[in-house]
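A quick write-up on the structure given underneath.
Letters A, B, ... are given to chains in the order of the sequence lines, protein chains preceding strands, and every chain is numbered from 1. Everything numeric in this text was worked out from a predicted model, so none of it was measured.
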Protein chains: 2
Amino acid sequence: MARLDLDRKEPATGSKPAQILAAARAEFLRQGFAATSMDAIARAATVSKATVYAHFGNKEDLFAAMVASNCRRIAETLAEETLEGLPVREALTQIGRQFLAFLLSPDTQAIYRVVVAETPRFPDLGRRFYAAGPQNTRGRIAFYLERIASRGLIRIDDPARATEMFLGMVVGHRHLRRVLGLDAPAGEAEMAEAVGRAVDAFLKVYPPEA
Amino acid sequence: MARLDLDRKEPATGSKPAQILAAARAEFLRQGFAATSMDAIARAATVSKATVYAHFGNKEDLFAAMVASNCRRIAETLAEETLEGLPVREALTQIGRQFLAFLLSPDTQAIYRVVVAETPRFPDLGRRFYAAGPQNTRGRIAFYLERIASRGLIRIDDPARATEMFLGMVVGHRHLRRVLGLDAPAGEAEMAEAVGRAVDAFLKVYPPEA
DNA sequence: GTCTATATGAAGATAGAC
DNA sequence: GTCTATCTTCATATAGAC
């Protein structure tokens, strides 16, 4: 039960289902699954509890629908970027900044928190989230690295592993600190500096061709 | 409320409090905070619910006591290693393997999961956990890097940042995949290979002195 | 489809005997 | 300190009218 239906259409904006989904999103991300009551969701959606049940069956299905809706958002957010024209160093810097900003944003953090907490109970959840979010992103970055490698701009034997290493260097322990509530939301300047260091290091490990 | 009392003594093994703590640990780590009932804990500890309340007051305090007990364990686990005699490459490899094995172990994963989920409700939890676990480990590694740098074996300007970068390269996305339930428990051979790559990369970024 | 009102059950916490 | 039995609250889910 409660598989994630990623293909289901997004309800029309303004409709009752959309209201309910938005309210569910807000409540689940703020409180987690167990601590969120259907009463609270109905109240936040300015709808009766019976209406919530009419549309989404039960609490688990509503939760799954909310996460699926979120995964669709994530997939849409990652639009194709125009990295082709940029020098390699600039392109990597841009990738690193976008990735880090996305990863550390309050929304991403909240979703991550809930998915991590509920994965044991919703076995599908982790897999689907990974596929729609991180795997998608990593695939795009690996594809970019593959292109510049094949154009002879840089020496990269295994683009997937290179991507992993690059992102590992960019993120460091920032994600952990953020998720444990140790760091303030953003830190624009500090983020730029961290990305700069990671790019420098990456270009030492995978040197550009002369 | 429910601050973490790390200084409280560990109850004598075999005593009722110890039984309760062990049962609470098992249940909370398996189910999370909200989904675990005091009934279940009492049953698992083969004790009445009233006894649980007599010793730990309420559910939140019991949870805090369980996490505190776990943090003490973690701190004890990280014994001083004898890295001094080893060549730098060997020492880094050993550090990387120990760290990765620890990070990906089922116990660590379970604790991480619960702490991440409950940090918004227990503001102290994330900070204390970070201090007792990750920060402790990172501090030790940074200290090692500082020592070999001061002995002229390697060029490292900022040991803390170097540690962060090293661990970032070692971990990559393994932790994320594991926490989302995508990878099997261990993978001894694959882990060794990942560490090997990270050490190679690290020694390109921070070259050993000739 | 949407509401109000309610059944049902679970879980946190306690009273009172031993 | 430890137990059995119970109180109380609250959340999931549904019945039935409109």
For [X] and [N], what is the distance between atoms [atom1] and [atom2] respectively, to the nearest whole Å?
| X | N | atom1 | atom2 | result |
| --- | --- | --- | --- | --- |
| K16(A) | dT2(C) | NZ | P | 5 Å |
| F56(B) | dG1(D) | CZ | P | 11 Å |
| Y53(A) | dA15(D) | OH | C1' | 14 Å |
| D61(A) | dT12(D) | CG | C1' | 14 Å |
| K59(A) | dC10(D) | NZ | P | 15 Å |
| I20(B) | dC3(D) | CD1 | C1' | 13 Å |
| L62(A) | dT12(D) | CG | P | 10 Å |

Could you tell me whether the side chain of [X] and the main chain of [Y] form a donor-acceptor pair under 3.5 Å?
| X | Y | value |
| --- | --- | --- |
| K16(A) | A45(A) | no |
| R127(B) | G181(A) | no |
| R138(A) | E164(A) | no |
| S69(A) | A65(A) | no |
| T108(B) | L104(B) | no |

If an axis is fit to five pairs at each end of the helix from dG1(C)-dC18(D) to dC18(C)-dG1(D), what is the angle between the two, to the nearest 10°?
10°
Taking the basic N atoms (NZ, or NE/NH1/NH2) and the acidic carboxylate oxygens, is any pair closer than 4.0 Å for R174(A) and E190(A)?
yes
Would you classify T36(B) as touching base, sugar-phosphate or nothing, given that sugar-phosphate means primed atoms plus P, OP1 and OP2, and contacts are heavy atoms under 4.0 Å?
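Result for T36(B) = sugar-phosphate.
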Measuring from L145(A):CG to Y206(A):OH, what's the distance to the nearest 0.5 Å?
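Separation between the atoms: 9.0 Å.
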Find the distance between OG1 (T137(B)) and CD (Q135(B)) and round it off to the nearest 0.5 Å.
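One finds 10.0 Å between OG1 of T137(B) and CD of Q135(B).
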Selection: residues 37-52 of chain A, any non-hydrogen atom under 4.0 Å of DNA chain C:
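Correct list: V47(A), S48(A), A50(A), T51(A).
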Looking at F143(B), I'd like to know if the NZ or CZ of R147(B) sits under 6.0 Å from its six-membered ring centre while staying within 45 degrees of the ring's axis.
yes
